[in-house]
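As the structure is a prediction and not an experimental result, all values here were calculated from the model. Order of listing sets the numbers, starting from 1, for every ligand and every atom in it.
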Amino acid sequence: MPYQDLVKVYEAIESTSSRLEMTEILANLLRSSDCAHVKRIIYLTQGMLVPEFCPEKLGLADKLYLRTLAMASGVSESSIRKLWNKEGDPGTVTEKVLENKRQTTLFPRPLTLDRVYETLLKVARAEGSGSQEMKMRLLADILHDAKPHEAKYIARIATGRMRLGVASQTVIDSLALAFATREDKEAVERAYNVTSDLGLVGEVLCREGLEGLDRLHVMVGNPLRAMLAERLPSPDEILERMGGRALFEYKYDGLRVQAHITEKGIKLYSRRLEDLTEGFPDVVRALKKAFVCKSAIVEGECVPVDINTGEMLPFQEVSHRRGRKHGLKGAIEEYPVRLYLFDCIYLDGEDLTMHPLSERRAALMQCIRTTEDIQLSEARVLSSVEEVEDFFRDALIAGCEGLMAKSLGDDSIYRAGARGFLWIKYKKEYRSEMNDTVDLVAVGAFYGRGKRGGMYGALLMATYNHETDKFETACKLGSGFDDATLAILPKKLDRFRLPEKHASVESRMEADIWFEPATVLEVLGAEISVSPIHTSAFGRVREDAGLAIRFPRFTGAFRDDKEPRDATTTQELLEMYESQSKK
Ligand code: AMP
């Protein structure tokens with residue numbers, strides 16, 4: 001197929017703003033094309049060479065492209081740069097440069113779709129030493145043979161700026177129109193959602209028609225588009241929508257991960273289908289240990305945890321782990337993560353997308369032996385508003401964003417790529433911030449792990465209850481200590497060490513080491529929440545819980561000027577909690 005035919009279609013698409021017209025133009029092209037070309041047409045039109053989850057990406061740096069154009073056209077880099085500064089678009093610049101250049105070849109080889117596609121793929125795949133030169137040479141070669149208006153699109157795609165405005169939905173509509181009817185677009189969409197590959201869907205549709213799509217199933221190694229949730233503001237609306245009963249799960253605040261597991265290896269993909277595998281070798285190792293079947297696709301949320309307290313950390317911490325090529329080992333130690341699995345989409349040869357949630361959850365339990373690093377999402381079947389509110393509170397205490405309600409009906413399939421009411425999220429929109437620091441007393445400590453091996457990993461901190469003259473715990477403090485502080489902690493604290501818990505300390509937690517309440521540290525937290533494991537103001541807000549400071553951080557200030565009984569009191573913490581709730 002001459003590349004020119006594709007370019008004509010691009011020009012027609014660019015000249016319309018009507019999506020309907022765009023759909024028809026693309027449908028006509030697809031219908032009249034050889035099935036062998038359909039895949040490549042679809043990829044190129046969307047500015048890609050392969051589906052999103054594959055590694056080959058275009059997006060040549062502007063500087064490199066500019067040199068390539070100079071090489072292909074014989075025009076100086078400085079005059080191209082001038083034009084570039086004026087035009088801003090590599091496509092237009094390329095077209096103009098090639099229009100104005102003197103003819104240097106008498107016999108250019110007309111471009112075909114295949115030649116353009118294959119060359120671009122080689123450009124995307126070139127790696128290692130000498131790869132820049134190679135990319136330039138390959139690209140210059142096709143630019144050289146291209147007519148100016150053809151080169152315009154080659155320039156755009158090579159620099160990652162195709163932007164024809166042909167969204168996936170338009171391609172889906174065009175495919176239905178070209179090879180079936182408009183009404184069949186749902187079947188096309190489903191095929192796309194389970195394969196994430198419109199090129200493949202197009203080719204199958206062209207060769208085998210709609211029946212062909214039926215055999216497109218979920219495949220291990222080929223991420224499917226994530227199922228998404230709707231939102232409702234209250235438990236009663238959620239329960240009503242769910243028919244009075246649903247599976248409620250903690251809504252973890254992390255990074256969504258789709259894990260594809262086979263005996264050969266494990267691949268991890270993000271919600272946007274990016275390959276995350278290299279950045280999370282620890283998750284891969286942990287999954288390998290926890291997985292007891294042959295092959296599967298499981299889904300979960302990857303959450304950063306404090307290595308010393310085991311508590312969940314704010315989502316931002318996981319960002320230290322993403323896209324990191326250097327210092328990965330250190331980052332893994334410093335920012336460990338835990339995976340909470342909540343779905344199983346495929347197991348040992350069986351596509352489970354059309355199975356109800358209860359079966360998928362059972363499959364998950366069948367193939368995973370939970371470990372410290374791989375756990376199942378906290379889940380409960382609930383049917384009353386009170387139960388949901390309680391569970392919601394527990395979720396917030398645990399450091400989650402809220403709850404996910406999931407339908408348990410017969411129709412509770414895994415709807416890849418769709419946002420619907422089979423899953424409903426219930427989030428606390430408003431979280432007040434603690435803007436005052438508190439001064440807490442160290443009453444215990446926990447042994448360090450990882451980088452903190454041989455040191456204190458976290459301290460058990462307490463408020464002072466002046467009514468009972470007791471020290472009541474409010475958090476485990478593991479953040480905010482720099483290396484120097486960690487090194488001096490034993491010196492400061494060891495002289496207060498006790499063989500057992502001090503009589504004035506109220507704790508429901510068993511510390512590794514106990515201290516006489518003596519040392520006061522200044523702490524800043526994100527907010528105050530109720531907690532069944534801490535004893536500060538126990539029973540005052542809720543019968544079976546105390547108050548806890550979430551995401552506590554040492555400010556660096558040892559309040560040696562304060563006696564332990566001058567520390568923040570339980571009564572003050574309660575006031576802070578109440579004024580926070582009022583807000
Ligand atoms: P949102 O990003 O607010 O639309 O919420 C949807 C996201 O919540 C999903 O994409 C997941 O990354 C995340 N999530 C956390 N916990 C769960 C869970 N138990 N089930 C499903 N999704 C969850």
Side-chain angles (χ1 to χ4, degrees), residues 52-53 193 196 223-235 238 241-242 246-260 268-274 276 279-280 283 297-305 311-319 321-322 337-345 352-353 355-365 368 370 373-382 388 391-409 412-431:
E52 284 140 318
F53 57 87
N193 286 336
S196 309
L224 61 162
R225 303 202 335 119
M227 176 164 178
L228 302 171
E230 277 290 351
R231 168 202 298 264
L232 282 175
S234 67
I238 293 175
R241 186 96 204 191
M242 292 283 182
L247 184 74
F248 286 82
E249 294 179 21
Y250 280 7
K251 183 176 189 304
Y252 300 91
D253 189 11
L255 182 69
R256 186 160 181 170
V257 169
Q258 199 179 94
H260 289 241
L268 307 175
Y269 296 97
S270 76
R271 169 164 161 177
R272 292 173 56 199
L273 313 180
E274 301 143 308
L276 298 172
F280 294 88
V283 175
I297 302 173
V298 293
E299 213 175 17
E301 193 85 352
C302 185
V303 183
V305 288
E311 285 169 4
M312 285 185 240
L313 291 174
F315 164 72
Q316 297 85 281
E317 300 290 327
V318 92
S319 63
R321 295 284 307 275
R322 293 198 66 182
V337 294
R338 183 181 297 149
L339 186 60
Y340 288 95
L341 293 170
F342 52 73
D343 219 310
C344 180
I345 302 160
L352 300 177
T353 47
H355 292 228
L357 177 63
S358 53
E359 287 177 25
R360 302 202 308 277
R361 183 93 190 173
L364 193 56
M365 288 162 88
I368 296 291
T370 56
D373 301 323
I374 306 291
Q375 304 197 0
L376 301 193
S377 62
E378 197 64 42
R380 264 182 226 166
V381 178
L382 301 176
V388 176
F391 197 45
F392 178 66
R393 238 173 296 158
D394 294 345
L396 296 187
I397 291 167
C400 293
E401 277 187 303
L403 297 177
M404 269 291 192
K406 299 185 176 176
S407 165
L408 286 170
S412 59
I413 57 169
Y414 187 94
R415 291 195 55 204
R419 192 179 286 286
F421 282 98
L422 287 174
W423 287 7
I424 304 174
K425 58 190 169 193
Y426 176 40
K427 286 208 268 192
K428 186 172 165 195
E429 277 318 321
Y430 173 69
R431 283 196 199 166

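Given atom 19 (N) of ligand 1, the protein heavy atom at minimum distance is Glu249 OE1, 2.8 Å. With hydrogens left out, the protein atom closest to atom 8 (O) of ligand 1 is Lys251 NZ, 3.2 Å, a heavy atom. Among protein heavy atoms, the minimum distance from atom 16 (N) of ligand 1 is reached at Tyr252 N, 3.0 Å. Here the heavy atom of the protein found nearest to atom 4 (O) of ligand 1 is Lys425 NZ, 2.4 Å. In terms of protein heavy atoms, atom 9 (C) of ligand 1 is closest to Arg256 NH1, 3.3 Å. At the shortest separation from atom 18 (C) of ligand 1 among protein heavy atoms lies Phe342 CD2, 3.4 Å.
Only the side chain of Lys427 comes within 4.0 Å of ligand 1, counting heavy atoms alone; its backbone N, CA, C and O stay farther away. Contacts between Met404 and ligand 1 below 4.0 angstrom, taking non-hydrogen atoms only, involve the side chain exclusively.
Note that CZ of Phe391 and CZ of Phe248 are 9.5 Å apart. Values are rounded to the nearest 0.5 Å.
Checked by atom type and distance alone, the side chain of Gln258 pairs as donor or acceptor with a backbone atom of Leu224 at under 3.5 Å. A donor-acceptor pair under 3.5 Å is formed between the side chain of Arg360 and the backbone N or O of Ser412. With hydrogens and angles ignored, the 3.5 Å screen pairs a side-chain donor or acceptor of Ser270 with a backbone N or O of Arg272.
Using the six-membered ring where Trp is involved, Phe53 and Tyr269 have ring planes that are perpendicular, over 60° apart on the 30 and 60° scheme.
At under 3.5 Å, not a single nitrogen or oxygen of Ser377, backbone or side chain, sits near a nitrogen or oxygen of ligand 1. Here's the thing with Lys406: one of its N/O atoms is less than 3.5 angstrom from an N/O atom of ligand 1.
Applying side chain to side chain contact (heavy atoms under 4.5 Å, CB included) to Asp253 and the options Glu401, Met312, Glu301 leaves one that passes, Glu401. Partner of Leu422 under the side chain to side chain contact (heavy atoms under 4.5 Å, CB included) criterion, chosen from Met227, Met242, Lys406, Glu230: Met227.
When Arg271, Met227, Glu301 are checked for heavy-atom proximity to atom 12 (O) of ligand 1, Glu301 turns out nearest.
Remark: Arg393 CZ is packed, more than 12 non-hydrogen atoms of other residues, nucleotides or ligands lying under 6.0 Å away. The neighbour count for Arg415 CZ, taken as heavy atoms of other residues, nucleotides or ligands under 6.0 Å away, does not exceed 12.
For ligand 1, the atoms lying closer than 4.0 Å to a non-hydrogen atom of Trp423 are 21 (C).
Distances from ligand 1 to the non-hydrogen atoms of Tyr340 include no value under 4.0 Å.
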